[in-house]
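Computed from a predicted model, the values in this text were never measured in an experiment.
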Number of protein chains: 2
Amino acid sequence: MIINQATDYGFRAVCYLAQQPQGEVVEAHTIAQNIVVPIRFLLKIMPSLIKAGIVKSQRGVGGGYMLARAPQEITLLNVLEAIEGPIRLNRCLIDPDYCSRNAAAYCEIHDALADIQKKLSQEFDRYNFADLAD
Amino acid sequence: MIINQATDYGFRAVCYLAQQPQGEVVEAHTIAQNIVVPIRFLLKIMPSLIKAGIVKSQRGVGGGYMLARAPQEITLLNVLEAIEGPIRLNRCLIDPDYCSRNAAAYCEIHDALADIQKKLSQEFDRYNFADLAD
DNA sequence: TAAAACTATACTAATCGAGTAAACAATCTG
DNA sequence: CAGATTGTTTACTCGATTAGTATAGTTTTA
């Protein structure tokens, strides 16, 4: 019921990139310093954001990271799912076989959780980084 | 971002009790069998529900558990908080000093998460066990 | 007073989270 | 093209948490 530290750092990193002039490439150590995150940990997180099409990277001298699309097109949900996968409130919502009662198909609680989970995703999706970076 | 197994079991236990005739005392092993939960684990969870005023217990021969108040007065949020404490999406929402940037006071992300967290609590609070037990 | 029930506390094994390390691959510059 | 720079990949560690088990204790009632 708590987001990962990595996700928190991911939010900060994307927010920081959204605050840079458009097209500016920022290297990892600069990002890490500004958002106050251990650089090695940040370096491990970034590839997830790249695979999700949220940021782009450039290697070699003068390399670094930049957003891969407009900040208003990136939501908290996008970053969260890129780093820790889809939101799941309960394991039975991923794998019905997980339920020790084998009741996923008719369980009222299952339905309620599925509903809440959907609402939660929508809430995370309401926030984009153009607004957050202000 | 996922609820505890204990919370899941708590939901089931309260739901099962809500399905019993009013005032009926049900012993732990009966509950455990019906909701398919290890009895020792269930026995460990129940005291949290008692402390939260959700169920009552009776010791000795013929003892067991019953709801402490009407099912419509018990929500998913009540049970969740009884078992795993208040919902917190991020540690900085409990303890602002936790933020490695020390930015909780002015961080836009912090505000967004606080907002989402509030909505999430409200969602869990919308479901009561009179409805869930149908 | 003995058995039946819940309570409290401590223990354990497995998993997960956060962070570190090291070897590697790409890119630029002189 | 050599070497420095910067990101990538994968593996490792250590501590915390989770899920569950065990045991000794307390209350109640027949």
Pairs under 3.5 angstrom, nitrogen or oxygen only, protein versus nucleotides 21-28 of chain C, please.
from	atom 1	to	atom 2	distance (Å)
dA26(C)	O4'	Arg59(A)	NE	3.3
dA26(C)	O4'	Arg59(A)	NH2	3.2
dC28(C)	OP1	Gln58(A)	NE2	3.1

Considering heavy-atom distances to DNA chain C, does Lys51(B) or Asn4(A) have its closest nucleotide positioned more toward the 5' end? Lys51(B)
Which part of the nucleic acid, if any, lies within contact of Ile50(B), taking any heavy atom under 4.0 Å across all strands shown: a base, the sugar-phosphate backbone alone, or nothing? sugar-phosphate
Using atom CD1 of Ile31(B) as one end and atom P of dA5(C) as the other, report the distance to the nearest whole Å. 13 Å
CE of Met46(B) versus P of dA5(C): gap in Å, rounded? 15 Å
For Asp125(A) and Thr75(A), test the side chains for any donor-to-acceptor distance below 3.5 angstrom and give the result as yes or no. yes
Check Val55(B), Ile45(B), Ile54(B) against Val79(B) for a side chain to side chain contact (heavy atoms under 4.5 Å, CB included) and give me the one that passes. Ile54(B)
Tell me, which of residues 6-28 of chain A have any heavy atom that sits under 4.0 Å from an atom in DNA chain D? Glu27(A), Ala28(A)
Should the ring pair Phe11(B) and Phe129(B) be called parallel, tilted or perpendicular, given that the plane angle runs from 0 to 90° and is split at 30 and 60? tilted
Would you kindly say whether Arg12(A) and Ser100(B) are connected by a side-chain donor-acceptor distance under 3.5 Å? yes
May I ask you to say what Leu42(A) touches in the nucleic acid, namely base, sugar-phosphate or nothing, with a heavy-atom cut-off under 4.0 Å? nothing
Spell out, as yes or no, whether a donor-acceptor pair under 3.5 Å connects the side chain of Glu81(A) to the backbone of Pro86(A). no
Closest nucleotide among dG20(D), dG7(D), dT20(C) to the Phe41(A) side chain: dT20(C)
Grab the CG-P distance between Leu43(B) and dA10(C) for me, whole Å please. 18 Å
Is it true that the side chains of Tyr106(A) and Asp111(A) contain a donor and an acceptor less than 3.5 Å apart? no
Given atom CG of Leu49(A) and atom C1' of dG7(D), what is their separation to the nearest angstrom? 14 Å
Between N or O atoms, less than 3.5 Å apart, protein on one side and nucleotides 12-14 of chain C on the other: list the pairs.
none

Closest approach of Ala112(B) and Leu132(A), non-hydrogen atoms and distance? CB-CD2, 4.0 Å
Side-chain donor-acceptor contact under 3.5 Å, Tyr127(A) with Asp115(B): yes
Both Gly64(A) and Arg91(A) contact DNA chain D. Which one's nearest nucleotide lies toward the 5' end? Gly64(A)
Side-chain N or O of Ser57(A) closer than 4.0 Å to phosphate OP1/OP2 of dT8(D): yes
To the nearest Å, how far apart are Ile45(B) CD1 and dA19(D) P? 9 Å
Picking from dG7(D), dT9(D), dA18(C), the nucleotide nearest the side-chain atoms of Tyr65(A) would be dG7(D)
Tell me the interatomic distance from Ile2(B), atom CD1, to dT17(D), atom P, rounded to whole angstroms. 17 Å
Non-hydrogen side-chain atoms of Thr30(A) and Tyr65(A) separated by less than 4.5 Å: no
N/O donor-acceptor pair under 3.5 Å between Gln20(B) side chain and Tyr16(B) backbone: yes
Mind calculating the distance between CE (Met1(A)) and C1' (dT17(D)) to the nearest angstrom? 16 Å
Counting distance only, does the side-chain N/O of Gln117(A) pair as donor-acceptor with the main-chain N or O of Leu89(A) below 3.5 Å? yes
Would Leu80(A) and Met1(B) count as a side chain to side chain contact (heavy atoms under 4.5 Å, CB included) here? Give the steps. CA-CA 10 Å; Leu80(A) 187 151; Met1(B) 199 51 79; 4.1 Å; yes
